[in-house]
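Just below is one structure, and these are the notes that go with it.
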Protein chains: 2
Amino acid sequence: MEDKAQIQEAIKIQGEVVRKLKSEKASKDQIDEEVAKLLELKARLGGDDGKHQFVLKTAKGTRDYNPKQMAIREKVFNTIISCFKRHGAETIDTPVFELKETLTGKYGEDSKLIYDLKDQGGELLSLRYDLTVPFARYLAMNKITNIKRYHIAKVYRRDNPAMTRGRYREFYQCDFDIAGQYDAMIPDAECLKIVYEILSQLDLGDFRIKVNDRRILDGMFAVCGVPDDKFRTICSTVDKLDKMPWEDVKKEMVNEKGLSEEAADQIGEYVSMQGGMDLAERLLQDQKMSQSKQACAGLSDIKLLFSYLQLFQVTDKVVFDLSLARGLDYYTGIIYEAVLSQAGVAPVSTEAQNGPPGEESVSVGSVAGGGRYDGLVGMFDPKGRKVPCVGVSIGIERIFSIMEQKAEASAEKVRTTEVQVMVASAQKNLLEERLKLVTELWNAGIKAEVMYKKNPKLLSQLQHCEESGIPLVAILGEQELKDGVVKLRVVATREEVDICRADLIEEVRRRTSDAS
Amino acid sequence: MEDKAQIQEAIKIQGEVVRKLKSEKASKDQIDEEVAKLLELKARLGGDDGKHQFVLKTAKGTRDYNPKQMAIREKVFNTIISCFKRHGAETIDTPVFELKETLTGKYGEDSKLIYDLKDQGGELLSLRYDLTVPFARYLAMNKITNIKRYHIAKVYRRDNPAMTRGRYREFYQCDFDIAGQYDAMIPDAECLKIVYEILSQLDLGDFRIKVNDRRILDGMFAVCGVPDDKFRTICSTVDKLDKMPWEDVKKEMVNEKGLSEEAADQIGEYVSMQGGMDLAERLLQDQKMSQSKQACAGLSDIKLLFSYLQLFQVTDKVVFDLSLARGLDYYTGIIYEAVLSQAGVAPVSTEAQNGPPGEESVSVGSVAGGGRYDGLVGMFDPKGRKVPCVGVSIGIERIFSIMEQKAEASAEKVRTTEVQVMVASAQKNLLEERLKLVTELWNAGIKAEVMYKKNPKLLSQLQHCEESGIPLVAILGEQELKDGVVKLRVVATREEVDICRADLIEEVRRRTSDAS
């Protein structure tokens, strides 16, 4: 047994911590965390009956989805899956955990964010960190050399959650990848076409897709005089250009990473460049850039890519942007990232206490990203056989956040069921008749509900329809039963009409043909 | 560094183990496990280039789903979800892990099968063991007193996997539950109606739904002279009646659990009883049984249940069976379990080495189960407020196994994509024209593919259609382009017809209206 007085003292102190944070208007995440600690202490003290000694919460950085959120999630998934299917993708699934060693050495510094399972005897396991590494493992294990597949599943990162900004420790990834030895840039262009289609159809406002190539970045660093061993670290500094101004990026390069000011300035010139096929052509003639074989290979591919993007009719949203430098080590060719232009969209927040507003309106931007990774599968193949891959990942959590916010702002109510008709009665002792009728409807494939009460009030039956958006009520009474009819009520207009019982199913179908 | 010679010695020994098991025709699971150990040792030794030192496998008891399995899974899920939606259910989702203490004390002995996460600083977490406890936690946390929800998600148990029999460490649960204070047996009857509808629609052959009540079991034990503190353990012995004959069950009761022979014989008489409403009526008059208030309450509810089941038109498959005793502690009222009658269906097996055949044909039987649990939510509520619940869980993994087997046995090929038309050409240098046409089709919502090659052979384009079941090919050539037409080929019949380009989309839609 713990010392009660000690715990009570700890509760007092922790209570002060929470009060202080609240008075300082600290972030919701921070307050939540301290409140959780407080509740945990209180739980250890035990309730009056000593029975309910646990904290009622989900794990840090995770959340439940309520029915309304699920309805929105389903809608978003349907749009995305339809697009993947339209492009002929199959789907696969992999386990939520992998052998720990499968993930080892794939994520660089971020490996510290991997969730490990406890060693309970047997294999050492970790929760998957993304869907790309399990995909590469799947291809190597099954010796698959070409496939077009999508995979929608949750991944796990012990990151600092910022849930109000759509950043969780458990979150969905929504990946589409094309594996196989094909002619240059055709599958790559299709990935961009897919991003274009999905973002257009989700109606998230205007967007841009930035494109660059790992080889162009590396060639640029080489011709600007960056030493070979500093490519990666300079690259990760360039990656910050969407979050900080060039001056700060340059400072980091020169002061922290020890790059010469001259080299930094040359990089600065290149990374400010944006354009289309014309820019790629211009850089192919650029005196410095053209000295790098790598850069030239990348630039020629960018040109080819844009020619395909024209045929796919998506060039209006695609920008060749030399400042784009995605972090992951495994990219070998083209890389891309989609950002919403309306940076004004604020993330969903349930409380006033959020992080600094400036940071948020920036971070909601990126909603899709990907690139070519031709070496990853070879890391898993016993003989190192390579399978070229290109893919895209849709940043679904941010899209959920935006859609939720739109739903909240909109007057239209989000329905969480698809029920077409409620079977009701105004009189008593008609439970049996209601159950008979609802059975007829169910057996005909109609989505129908009935109240689980012997004698519910008509008002509460109608209220349930209003609340959950059920459009029709089939009302039974002694008279209706005698006449062989059902009174069909339209909830929205309160209009009522007697329908011959034999025609009810057709009538419900007719009146709800768009809703079902 | 490990001592190479030591590892080589270990590899030799482990190789012997594997050979021995294979010669003894041991079970596939057992062999797989030992082979995995062997591979692990070999990996530790390292390859020639020292680069590929890991084992290419999924974690024990888990599997990948390939596209064909996913196609079957999608079909099964669609049937089940349609049924849940027809009955007006909403859906929720909860995180894959919960605070460890949320799961503590809910699963009795089975708690040892819970996967814990490694303590990496922060909260102690466990993977969810079922969907019922997270549901109860969700209700209590959000103070929800009534909801009808389904939840389809993976759960985790460190059980001994028997994958050939559809038993995994990671597997889907497919739960439908009704929470709320309602009139007796109405929601309970709807759960049975749902099981009936799903099993009928999945077309798995004949089935029966066994029904009993926790209160009838407890009352029966009391009137047969079982001491109070032996109810649970005797109940778990009764639960084995579907796997062993009565004589063995009796032996366990008497010899292992110390029950008197007389009490055991009395139990034996009751648990052999099966029937419908009539049996409940008879037992209400039974001299011994009627002495137990609990049993009488249960029997009256069974009567009421059957009256509703009649209205729902499902009594032909439902049996009141006094031998049904589901293991879980939290049930408080009615319990049920659905079994397939055609015990002859063997589970899917990819290898000849399986467990004993007798056991298998039994264990494939149960495909759904559930019951009433009125106390679980109260365990989470700080004030112990109860929320009555009744629910059902569909044993989806077994259903997958059966469906996979049926698909393999059937002549019909399982399609893994829904592509309606392939855009092809017989001549060279038409990539641009193919990309233009496929863009037209995609933009019109047609599911279409194009080969990622500049100059693919017509044969390989047609072969791809044959292999993946694409019904139509839109063929472009110089002549077609000149004439403003597309040659539409029906893959099955090889029939070809020129279609005016402007009419192509309508024509593809018309010819694939059932496939899309």
Side-chain angles (χ1 to χ4, degrees), chain A residues 47 51-52 54-56 58-60 62 64-67 70 85-86 88 90-99 101-102 115-118 120 122-123 125 137-138 140-141 154 158 170 182-183 186-187 308 311-313 380 382 384 416-419 432 435-436 439 442 447 449 452-454, chain B residues 47 51-52 54-56 58-60 62 64-67 70 85-86 88 90-99 101-102 115-118 120 122-123 125 137-138 140-141 154 158 170 182-183 186-187 308 311-313 380 382 384 416-419 432 435-436 439 442 447 449 452-454:
Chain A
K51 264 170 74 185
H52 308 292
F54 37 72
V55 185
L56 261 185
T58 59
K60 184 179 174 184
T62 70
D64 298 317
Y65 282 80
N66 65 33
M70 287 298 279
K85 285 188 172 176
R86 194 161 56 241
E90 306 176 295
T91 186
I92 68 163
D93 195 15
T94 64
V96 82
F97 44 69
E98 295 276 343
L99 298 186
E101 58 184 356
T102 298
Y115 276 99
D116 291 329
L117 268 70
K118 191 167 149 184
Q120 293 170 294
E123 302 159 334
L125 307 171
R137 192 264 307 146
Y138 174 83
M141 188 173 134
K154 288 174 176 176
R158 295 180 55 255
E170 171 183 67
Y182 299 117
D183 284 329
I186 313 177
Y308 296 145
L311 299 168
F312 285 157
Q313 301 171 14
F380 286 103
T416 58
T417 76
E418 298 168 13
V419 175
E432 295 205 354
L435 295 185
K436 256 190 224 167
T439 301
W442 284 333
K447 292 167 193 141
E449 269 196 301
Y452 305 125
K453 297 270 184 186
K454 276 187 189 159
Chain B
K51 263 171 74 186
H52 309 291
F54 37 71
V55 186
L56 260 184
T58 59
K60 185 178 174 184
T62 68
D64 297 317
Y65 282 80
N66 65 33
M70 287 298 280
K85 286 188 173 176
R86 195 161 54 243
E90 306 176 297
T91 186
I92 67 161
D93 195 16
T94 64
V96 82
F97 45 68
E98 294 276 343
L99 297 187
E101 60 183 356
T102 298
Y115 277 98
D116 290 330
L117 268 72
K118 191 167 148 185
Q120 295 171 292
E123 301 159 333
L125 306 172
R137 191 265 306 147
Y138 174 83
M141 189 172 133
K154 289 174 175 175
R158 294 180 55 256
E170 172 183 66
Y182 299 118
D183 283 329
I186 313 176
Y308 295 146
L311 299 168
F312 285 157
Q313 302 172 13
F380 287 102
T416 57
T417 75
E418 298 168 13
V419 176
E432 295 205 355
L435 295 186
K436 257 190 223 166
T439 301
W442 284 333
K447 293 166 192 141
E449 270 195 300
Y452 304 124
K453 297 269 184 186
K454 277 188 188 156

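First the proteins, then the strands, lettered A, B, ... as listed; each starts at 1.
Looking at B:Pro382 and A:Leu56, their side chains come closer than 4.5 Å, going by heavy atoms from C-beta outward.
The part of A:Leu125 that comes within reach of chain B is its side chain, from C-beta onward, which places non-hydrogen atoms under 4.5 angstrom from that chain. When heavy atoms are compared at a cutoff of 4.5 Å, A:Gln120 approaches chain B by way of both its backbone and its side chain. Only the side chain of A:Lys154 comes within contact range of chain B, with heavy atoms under 4.5 Å apart. Contact of B:Glu170 with chain A is made through the side chain alone, with heavy-atom distances under 4.5 Å.
Ion pairing between a basic and an acidic side chain is recognised when a charged N comes within 4.0 Å of a carboxylate O; B:Glu123 and A:Lys60 show no such pairing.
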task: Check step by step if side chain to side chain contact (heavy atoms under 4.5 Å, CB included) holds for A:Met141 and B:Asp64.
output: CA-CA 10 Å; A:Met141 188 173 134; B:Asp64 297 317; 4.1 Å; yes
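In terms of heavy-atom pairs under 4.5 angstrom with chain B, the leader among A:Gln313, A:Lys436, A:Arg158 is A:Arg158. The greatest number of non-hydrogen atom pairs below 4.5 Å with chain A, out of B:Pro95, B:Ala59, B:Gly88, is found for B:Pro95. Taking chain B as the reference chain and counting heavy-atom pairs below 4.5 Å, the highest number among A:Asp183, A:Thr416, A:Thr417 is found for A:Asp183. When A:Thr62, A:Ile92, A:Asp93 are compared by the number of non-hydrogen pairs under 4.5 Å with chain B, A:Asp93 comes out ahead. Highest contact tally toward chain B, considering only A:Val419, A:Leu117, A:Thr94, is held by A:Leu117 [criterion: heavy-atom pairs under 4.5 Å]. Contact tally against chain A (heavy-atom pairs below 4.5 Å) for B:Leu99, B:Thr58, B:Ile186: the top residue is B:Ile186.
Applying the side chain to side chain contact (heavy atoms under 4.5 Å, CB included) criterion to B:Asn66, with sequence neighbours excluded, gives A:Tyr138, B:Lys68, B:Gln69.
Taking CG from B:Leu435 and CH2 from B:Trp442, the interatomic distance works out to 7.5 Å, rounded to the nearest 0.5 Å.
The number of heavy-atom neighbours closer than 6.0 Å to NZ of B:Lys454, taken from other residues, nucleotides and ligands shown, is 12 or below.
Between B:Phe97 and B:Tyr115, the gap from one ring centroid to the other reaches at least 6.0 Å.
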